[in-house]
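These notes are about the structure you will find just below.
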Amino acid sequence: MPQKFTVTPWEVKGELDYEKLIKQFGTKLLDEKILNRLKKHTGKLHFMLRRKIFFSHRDFDWILDKYEEGEKFVLYTGRGPSGHTHIGHLVPWVFTKWLQDKFDTELYFQLTDDEKFLVKPLSLKETTNYAMDNILDIIAMGFKPKKTHIIVNTLHIDKLYRIALKVSKHLTFSTVKAVFGFKNSSNIGIIFFPSMQIAPCFLPSEEKGHNVPVLIPAAIDQDPYWRPARDVAPKLGYYKPAQIHSKFIPGLGKEGKMSASKPETAIFTTDKPEDIRRKILNAFTGGRETAELQRKYGGNPDVCSVYKYYYFFFEEDDKKLKEIYEDCKSGRLLCGECKLRLIKKVEKFLEEHQKRRKKAKQKVDKFLIE
Ligand code: TYM
């Protein structure tokens with residue numbers, strides 16, 4: 001049967017079937033057994049785990065083995081700076097911060113201004129500028145300054161180049177072509193690039209002078225990088241990096257993940273209250289044609305982009321989320337009211353985030369890798 005969806009680092013489209021993705025990518029479901037084990041270390045689970053927003057992993061059990069044996073792991077995540085940060089990007093970052101707090105870990109955070117220069121119609125100056133802008137969002141998330149090391153690829157190439165070279169020697173063109181879909185017409189920069197995104201998997205081991213377990217929290221679109229990373233790791237004498245994968249927060253339209261390429265259906269951290277209002281008021285919902293019909297037959301939260309916003313990000317309280325779900329289904333809560341409540345929540349969140357972004361300008365140096 002033909003595949004109805006595509007997930008690559010540069011394209012996510014169609015109706016996603018996450019169970020199929022697990023099979024296709026060869027990852028494992030984050031099941032109750034492993035969640036219960038995690039709970040022993042963290043206490044109450046993060047809502048993104050309770051709701052299976054983080055749903056898949058590779059070797060997360062091994063990360064816990066190592067931790068229990070007294071070997072601390074390091075976190076690695078990143079951002080491709082092709083524009084302003086949107087709420088979708090914050091999904092893995094909120095969870096990464098929770099892991100950093102619970103396990104008191106170091107975090108390596110890569111900004112791939114080189115990648116975005118190579119794949120988008122943007123100048124290198126623009127992508128590096130976006131990197132510096134996105135760093136304000138990263139700092140605003142509240143990561144620990146002493147334990148967070150931000151790498152901007154073009155500025156900190158000295159940290160990565162030697163590792164990237166070693167990685168690249170073990171990756172053939174036919175492998176990266178098969179994994180990433182490169183063509184003969186692809187520029188040679190992007191063909192080398194996977195070794196730049198793989199390099200931070202091994203940087204902590206290089207810096208510490210001994211092998212360090214690395215856990216990568218990210219949405220599942222980044223997974224193609226980690227398969228070759230894991231193949232190469234033992235050849236270079238490193239541990240294989242482990243992953244924990246999230247689903248995608250959808251856009252405010254009818255389908256598709258939240259994406260900067262559809263700005264009217266994405267909420268950016270730099271949006272003003274009037275943008276937030278307009279975008280949410282225009283959002284696709286599971287409502288009926290008229291208020292009367294909705295009161296009578298109820299709405300459909302399962303297909304509603306507004307409900308998904310509460311679910312993925314803006315309502316951490318399971319009880320309150322359930323109330324929204326049931327009130328929608330029963331027709332007690334109409335779309336207008338539900339949207340207004342969400343607007344309030346998003347405005348409040350972004351007002352605070354934007355204040356922290358402003359303050360972050362003075363702190364950038366403290367976060368850049370030394
Ligand atoms: P980028 O900038 O496309 O995405 C940054 C992070 O956000 C995740 N993401 C989403 N998560 C939930 N819902 C969405 N709608 C959504 N859209 C994006 C991505 O999975 C990613 O975790 N090449 C990378 C940058 C990078 C990186 C890394 C990412 C370099 N090293 C290590 C993760 C881990 C990129 O362009 O990400």
Side-chain angles (χ1 to χ4, degrees), residues 7-13 16 18 21 25 48 51 53-56 58 74-97 99 107-120 122 127 130-131 133-135 137-138 141 149-154 156 159-160 163-164 167 180 190 193-204 214-226 229 241-253 255-263 265-269 305 308-309 311-313:
V7 176
T8 77
W10 302 296
E11 185 181 45
V12 176
K13 69 169 193 221
L16 300 186
Y18 287 107
L21 262 186
F25 285 0
M48 291 185 184
R51 294 183 194 163
I53 293 171
F54 272 83
F55 71 110
S56 150
R58 233 191 243 106
V74 159
L75 296 164
Y76 162 41
T77 197
R79 158 82 180 128
S82 57
H84 289 297
T85 304
H86 61 58
I87 300 290
H89 304 130
L90 303 188
V91 169
W93 303 355
V94 163
F95 183 65
T96 303
K97 172 169 163 46
L99 286 173
L107 164 66
Y108 286 76
F109 207 119
Q110 180 181 46
L111 287 119
T112 53
D113 55 340
D114 48 354
E115 173 198 13
K116 294 299 165 178
F117 166 65
L118 292 165
V119 300
K120 298 265 178 187
L122 293 168
T127 60
Y130 276 131
D133 174 84
N134 295 172
I135 285 176
D137 291 305
I138 298 165
M141 299 304 293
H149 316 288
I150 296 180
I151 306 161
V152 180
N153 279 6
T154 62
H156 304 113
K159 291 277 169 191
L160 300 180
I163 306 174
V167 169
F180 297 97
I190 198 63
F193 173 76
S195 35
M196 289 296 291
Q197 183 154 334
I198 292 171
C201 300
F202 311 129
L203 181 60
V214 168
L215 173 67
I216 308 171
I220 196 152
D221 58 339
Q222 298 301 310
D223 192 68
Y225 289 103
W226 320 132
Q243 290 85 47
I244 183 159
H245 306 103
S246 80
K247 297 178 182 168
F248 304 104
I249 187 170
L252 287 165
E255 60 176 25
K257 74 157 190 162
M258 188 182 288
S259 161
S261 58
K262 288 186 245 151
T265 62
I267 291 179
F268 295 91
T269 59
S305 73
K308 284 180 188 155
Y309 267 58
Y311 183 90
F312 270 86
F313 207 87

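Remember, it's 1-based here, ligands and their atoms both numbered in the order they're listed. Basis for what follows: all heavy atoms, side chains included, without hydrogens, waters or symmetry-related copies.
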Exercise. Is Ile220 in polar range of ligand 1, meaning some N or O pair under 3.5 Å apart?
Worked result: no
For this session: Classify the contact between Thr112 and ligand 1 as side chain, backbone, both or neither, using a heavy-atom distance cut-off of under 4.0 Å.
Result: side chain
Exercise. Taking the six-membered ring for Trp, are Trp226 and Phe25 ring centroids under 6.0 Å apart?
Worked result: no
Exercise. Under 3.5 Å, N or O to N or O, is Trp226 touching ligand 1 that way?
Worked result: no
Problem set entry | Per-atom contacts of ligand 1 with Pro92, taking only distances under 4.0 Å to non-hydrogen atoms | 7 (O), 8 (C), 11 (N), 22 (O)
Exercise. Using the benzene-type ring in the case of Trp, are the ring centres of Phe54 and His245 under 6.0 Å apart?
Worked result: no
For this session: Check whether any side-chain N or O of Tyr18 sits under 3.5 Å from a backbone N or O of Ser56 as a donor-acceptor pair, and report yes or no.
Result: no
For this session: Taking all non-hydrogen atoms of both residues into account, name the closest pair between Ser195 and Ala164 and its distance.
Result: CB-O, 3.4 Å
Problem set entry | Note: Arg58-Asp223 ion pair, threshold 4.0 Å (strictly below) | yes
Exercise. With only distance considered, is Ser246 within less than 3.5 Å of ligand 1 through an N or O on each side?
Worked result: no
For this session: Tell me which one of Pro241, Gly78, Pro194 gets a heavy atom nearest to atom 5 (C) of ligand 1.
Result: Gly78
Problem set entry | Those atoms of ligand 1 less than 4.0 Å from some heavy atom in Lys247 | 12 (C)
Exercise. Should Glu115 be counted as touching ligand 1, given the test is an N or O pair under 3.5 Å?
Worked result: yes
For this session: Please identify which atoms of ligand 1 are closer than 4.0 Å to at least one heavy atom of His89.
Result: 4 (O), 5 (C), 7 (O), 18 (C)
For this session: Just jot down the ligand 1 atoms closer than 4.0 angstrom to any heavy atom of Lys116, in number order.
Result: 36 (O)
Exercise. Side chain, backbone, both or neither: which part of Arg79 has a heavy atom under 4.0 Å from ligand 1?
Worked result: both
